[in-house]
Structure formats: structure tokens, C-alpha cells
Amino acid sequence: MYRYDEFDAAFVRERSAQFRDQVQRRLTGALTEEEFRPLRLMNGLYLQLHAYMLRLAIPYGAMRGEQMRHLAMIAERYDRGYGHFTTRQNIQFNWPKLKDVPDILDHLADVEMHAIQSSGNCIRNTTSDPYAGAAPDEIEDPRITGEMIRQWSSLHPEFMFLGRKFKIAVSATEEDRAAIKVHDIGIQIVRNEAGEAGYKVLVGGGLGRTPMIGKVLREFLPKADLLPYLEATLRVYNLFGRRDNKYKARIKILVHKLGIEEYAARVEEEFASLDKSPELDADEYRRIAAYFALPAFKAAAEESVLLERMQREDAGFAAWVKRNVHPHRQPGYAIATISLKPIGGAPGDATAEQMRLMAAVAEAHSLDELRVTHEQNIVLPHVRKDELYLVWSKLKSQGLDAPNKGMVTDIIACPGLDYCNLATARSIPVAQNIAETFADPAMQEKIGPLSIKISGCINACGHHHIGHIGILGLDKAGVESYQITLGGESTETAAIGERVGPGFSYGEVTGAIETLIETYLDQRETGETFLQTYRRVGLTAFKETLYAAA
Amino acid sequence: MAKKFTPSVLTANHLLDGDTVWWTGASWTRDIGKAEIVSSPEAAAVLELLSGDATFEAEVVGPYLVEIDVASREPVVRREAIRANRVPTFAYIADPEQRQAA
């Protein structure tokens, strides 16, 4: 894991002190709300329906147990005893008081955390593969690149006031677990024909009201060129992107307007004109890489007798292993996902008690590492197979044992109209209703892998465009109306879902999802997933059954 | 045709804690039941003017008018009804009151 150096530590402390002063000046009236608002937003502090909301930055979603334990303390001392893990691999607290936020930021600084650039029109928290450093198929650890970008983009003088927010994701495997194709810039670590590691760079992906899949900007970029190339890419956007209309100010709109060839030509021209220092950047890469050296794995046999036996003896554990455990690069180890989607729960929410337990389990069983996923779950990246049953037993004690990763009840949902100022409809109760409908484990197993993603407004924080089934909540003349899209996908075969037809009321939408799933079960061929069936039979078959009764 | 005026109340979020608050005519309250209802466009216009006052800014953030059903004293729009209740619409397990009741 990366550890702060003296500069990082001083920077975060100074920023916290600066914000304390800004809050004080707002409270004494020295700053108006208009003056204060952009300052609080740059520190991740929003004002939502019921309260302030503080969004932290968790670089590439990676945390130590101590950091998770601190989040638990903050949840308990300054919030209402829980936090909400988000699709940006961050955490949000929904009820902090303004007067307490400077203290919260100080506590965060104690454990090398902050809320800087988790809002505003700047480069946001860089996200990555939650299996980084553990996945057997990765070319190299994408967190190193993520950390390079974090350091480069923090307070970057040229890119602090972009036309709109800017999101970057990094992956290092063919299987895309970081949704890089729907980011402003998506970076995939690849090898060229000579076997050298470098970057495939995508640009212009994104969700929101104009969803687009990113296009290839560079097939192969030498590693040492990364930062100047990013600089060139952002500079072209900053120079030519629109600022007159916030809905047309994302980079995807500019890339779409110019065409990828023209955009790439402008980037290459800019890149050629930049002063570069590849040796320095390579040195910095090596310095950062040292923080991500392989942890001290214990030698172990690939197969675990205990794991096999306990799966035979305990069906609940076997189900969890089947769905929530992933192969690891190191013999005898596994990657385990803690689902934050218990039936009836709010997707992504964890109580302080649960956070403390996850911290303790990570310290005892995962080499002190945790990851937040963009699917609003938590990953224990390095668990010995011999210890999986113990880990599961501990998680079960706090209701963290849902065996549903990637299943119909592993629903991604934004906070929606229950919390969010921008939302036009509720998301969480819709997710809860659907999860309760498909709670039966046998039914979930019958349905197989299926992602449902729900957004409470057109801004698409719930990533509905890339759900196999996407649900978008809107307001139609004062009534919640839910549009359904099908065939969306977030991985290497990313696709934007197609809208099925007219929307459904709050009371109807769960039934509509049931109809769609019944249609899939009727239509599927042996071994097909929902997405495979959809891609084979197309929209019409689903549309016909969905609107048959109308 | 001009939209028919609906009786309204003034709402905002409290500066210190972000709580939803309502204007009583003399001060801010967390209870919508105590809010002053304005029943004419003229009275609403005065209240809107008042909401821009610096003394308001010292206590609350972003005041605006919300249409209300006078009989039930509930906001007409769902978003505002959720704000008035001051909690999400679902039973969230971390609500201290609900945890205590459980």
C-alpha cells in the first residue's frame, strides 16, 4: 500500500486547516454561501435533502484496516452510525454537521485520508480494479499507475477548474473490472509486440445524460509517457471543450463532435510540443512501485483440504465460496468479496460495527488490505484458502455473508430521492423491493449472473446505462416513473443499454423486472446468462412480454 | 395561462447541521407544522424577498418556497414531503431511533 511521505502528510494537514478557517469564516459571516459553496465542494462537502453529505476520496478504493476502523469511528461519532460506499469506490457520510467537518478531516488526516477533489470540476479520485495486486491475470499492479495519476492530478494548477468533472480509471487485465470504457479517460495496461508493458488509452466514455463508450486514443503508450500524454489529452479538452452549457461540457461531447481521429491528432500535436522527462517519470514510477511490492504471502498448497471439507459440510459457506470467492495469483490464496447487499438492505451501506469487523478481518486474514468496488461491495484481496471458512463465519456474525456477488440481488443503486438533491425518484427502496422479490437463493441460482443498476435521475450515479437491466427513475408530472434499459454492460464488452419503452410507476417496476426475468428464463438456451440471451434474441422479445398486458 | 397560485411555505437547510427547516414568520423551525403558510402571490413575493436577507444567510442555506397542501400541511411534491419527514422513506437500519426501537 502507498504510504504518505512528508509532503503528502503536510499537504493534507494544511488543507484541513485551510478548510477549518473557511468554515469559521462562513459561520462568522465573513464568507457568503455563494463564496463558501465552491470551497466546501472542493473538500467533498455537499448539501443534500436532509443534511450535509461528506464524500471522501479513497484512492483506487484501497484501504488498510486502520483506515476502515477510522471510518467506523467517524460514522459513530459524527454521523448516524453508518456510511455509504459508492460507485466511485469512495464512501459518503450522509449526516455530518458543518461545524464537525474540520474535525472529521483532521481525523482522516491521522490515517492518510482526505476528501480533496471528491467534488468539483477537477480530476476526481482515480479508480481501479479492486483485485489489483491479487488478480492472476493482471500484467502489473494498476494501483501504481493510479497513484502516479493521484499525485499528478492533486491540485494540478491547469486542471482544477475544468469545464466539468473528470474521471479516470485504470485496469491491468483483459477482463475489465474497473469499467474503463465509461470513463472520461480509461487506461488499460497492456503489452506491445516486444512484450513491454505500456498503456492502451481510451477517451470520451461516460454515463450521465449522454452515455457513450470510450474510443481508443492510443493503442500503445510507453509507460514513461503517461503523465505528459494525460496532460496533452486534458489540455485539448480544456482548450476546446464547451463551457457555455454544463450538459455539453464533458470530454465525451468534444470527442464526439471532433471525431476520435481529429481529437487524437490534436492530442498528438500537443504531446509533441511538451517538455518531457521520461527518466524522471520512470524513476517516480519505480519509487511508487516499491510501495506496492508483493505482500508477505505464506507458502501454501494451491488446494485447501479444510476449504473443500467445509464446503461439503456447510451449504451456506459453499454458496458464498461459489459466488464471492475469486482465484488469486498466489497459490493457496483467494480473493473474497464482502457483499454490502443483504436482502432488504440499502446497497452499499455499512454500519460502524460492520466496518470495524471488516477492518479486523482484513488485519487478521487479508494482509491488512481492503478494497471498495465500483459495485458497492468490499473486497478482501489476500485471504488464505485455509482461513476462508473462519473469515466467512466472522462476516456472518454481522450479516456480511450474502452469497450474491454478481447475482440479481447484488443491485447497484445511487442514494436517490431519499437523500440526493438532484434525484427525481427513489432508488434504494426500488432495489430493496427487487432484492426481496428474488431473495430465494435457489431462484437466484436459477437466474445466474445478472446486474441490475438503478439511478434516481438522469445523472446516472447508479450506472443504469451499463446494467444488464438498467432502471432510471424520473419525475413525470410529480409522479415517479421508471424507465428500463436492457443489454447494458460495464466490462470489456461494454455496451449502453437500450430503452425498452414507456416507464413504469413505483408500484409497477418490480413486477416489470419479474416479467423480464421470466422472459429470459423462457428464452434462454442451456448455460446462457441473461446478457447472452439478450444479445441473441434482442430487445423485441423482452418488449413484447413486458407490454403484452398493456 | 398563468399557473394558479398554491399556498406555500419557506424552507431552507440549517447552516450548522444541514437540517431541513421551515420559516414560522419569526424564526426557523424543524417542524413543518409550525411553518407560516402564505396564501397569495403577493405574500409569497414578500417572503422570497425576505429570504435574500443577510440575516437569513447567517442561519440557513438556500431558502426557497415550497407548495403545500393546507389541510394536511404536507408539501405537494414528493421531494419536499421526504425533506419534511427528515428521514429516508425506507427503514434504514442505522437510524438511531429505529435501532433503539428494534
Side-chain angles (χ1 to χ4, degrees), chain A residues 23 26-29 31-34 36-37 40 45-53 75-76 79-84 94-100 342 344-346 349-354 399 415-421 423-433 475 478-480 506, chain B residues 3-4 6 8 10-22 28-32 51-64 66-69 72 74-102:
Chain A
V23 169
R26 173 68 182 95
L27 295 180
T28 59
L31 286 177
T32 64
E33 183 60 25
E34 193 181 351
F36 179 64
R37 186 172 177 274
R40 68 170 159 78
L45 188 63
Y46 290 73
L47 187 53
Q48 299 285 44
L49 284 194
H50 309 288
Y52 289 97
M53 180 273 280
E76 227 160 41
D79 207 88
R80 293 194 176 179
Y82 72 106
H84 176 73
N94 287 313
W95 309 92
K97 299 183 189 328
L98 177 62
K99 63 184 176 55
D100 292 334
D349 277 11
T351 64
E353 293 93 333
Q354 289 174 326
L417 192 55
D418 283 291
Y419 292 101
C420 178
N421 233 347
T424 43
R426 287 171 289 168
S427 303
I428 293 171
V430 174
Q432 291 173 320
N433 291 340
D475 179 291
V479 178
E480 289 164 307
Y506 179 82
Chain B
K3 190 186 165 203
K4 191 182 163 206
T6 306
S8 300
L10 188 67
T11 187
N13 288 84
H14 198 272
L15 173 63
L16 278 180
D17 52 25
D19 268 2
T20 307
V21 289
W22 311 88
W28 293 97
T29 174
R30 284 163 175 75
D31 179 4
I32 191 173
S51 71
D53 194 279
T55 54
F56 275 29
E57 171 132 329
E59 199 175 351
V60 299
V61 179
Y64 60 97
V66 166
E67 294 180 347
I68 194 166
D69 177 70
S72 65
E74 283 186 6
V76 173
V77 176
R78 179 182 299 279
R79 176 185 191 276
E80 297 306 329
I82 292 172
R83 283 183 76 243
N85 280 332
R86 303 178 61 220
V87 287
T89 60
F90 59 91
Y92 70 119
I93 53 166
D95 180 344
E97 289 169 18
Q98 294 195 27
R99 287 163 91 190
Q100 212 162 20

Could I get the full list of side chain to side chain contact (heavy atoms under 4.5 Å, CB included) partners for A:Ala51, not counting sequence neighbours? A:Trp95

List for me each residue that meets ring pair (Phe, Tyr, Trp, His ring centres under 6.0 Å) alongside A:Tyr46, sequence neighbours excluded, and say none if there are none. none

A:His50 and its side chain to side chain contact (heavy atoms under 4.5 Å, CB included) partner, picked from B:Asp17, B:Asn13, B:Ile82, B:Val87: B:Ile82

With no hydrogens and no angle check, is any side-chain donor or acceptor of A:Glu33 less than 3.5 Å from a backbone partner on B:Glu57? no

Would you give the length of the straight line joining atom OG1 of A:Thr424 to atom CZ of B:Arg79, rounded to the nearest 0.5 angstrom? 10.5 Å

Greatest number of non-hydrogen atom pairs under 4.5 angstrom with chain B, of A:Arg37, A:Gln432, A:Arg26, falls to A:Arg26

Identified side chain to side chain contact (heavy atoms under 4.5 Å, CB included) partner of B:Phe90 from the options A:Val430, A:Asn433, A:Asp418: A:Asp418

Contacting moiety of A:Pro96, where chain B heavy atoms sit under 4.5 Å: backbone

Examine whether an atom of A:Asp79 lies under 4.5 Å from a heavy atom of chain B, and if so say whether it belongs to the side chain, the backbone or both; otherwise answer neither. neither

Min side-chain heavy-atom separation A:Ile428-B:Pro88 under 4.5 Å: no

For the residue pair B:Arg86 and A:Arg80, what are the closest heavy atoms and their distance? O-NH1, 4.4 Å

With chain B, the option among A:Leu49, A:Leu98, A:Leu417 that has the most non-hydrogen atom pairs under 4.5 Å is A:Leu49

Name the region of B:Val60, side chain, backbone, both or neither, that has any atom closer than 4.5 Å to a heavy atom of chain A. backbone

Shortest non-hydrogen contact from B:Leu15 to A:Tyr52? O-OH, 2.6 Å

Relative to chain B, which segment of A:Thr28 carries a heavy atom at a distance below 4.5 Å: side chain, backbone, both, or neither? neither

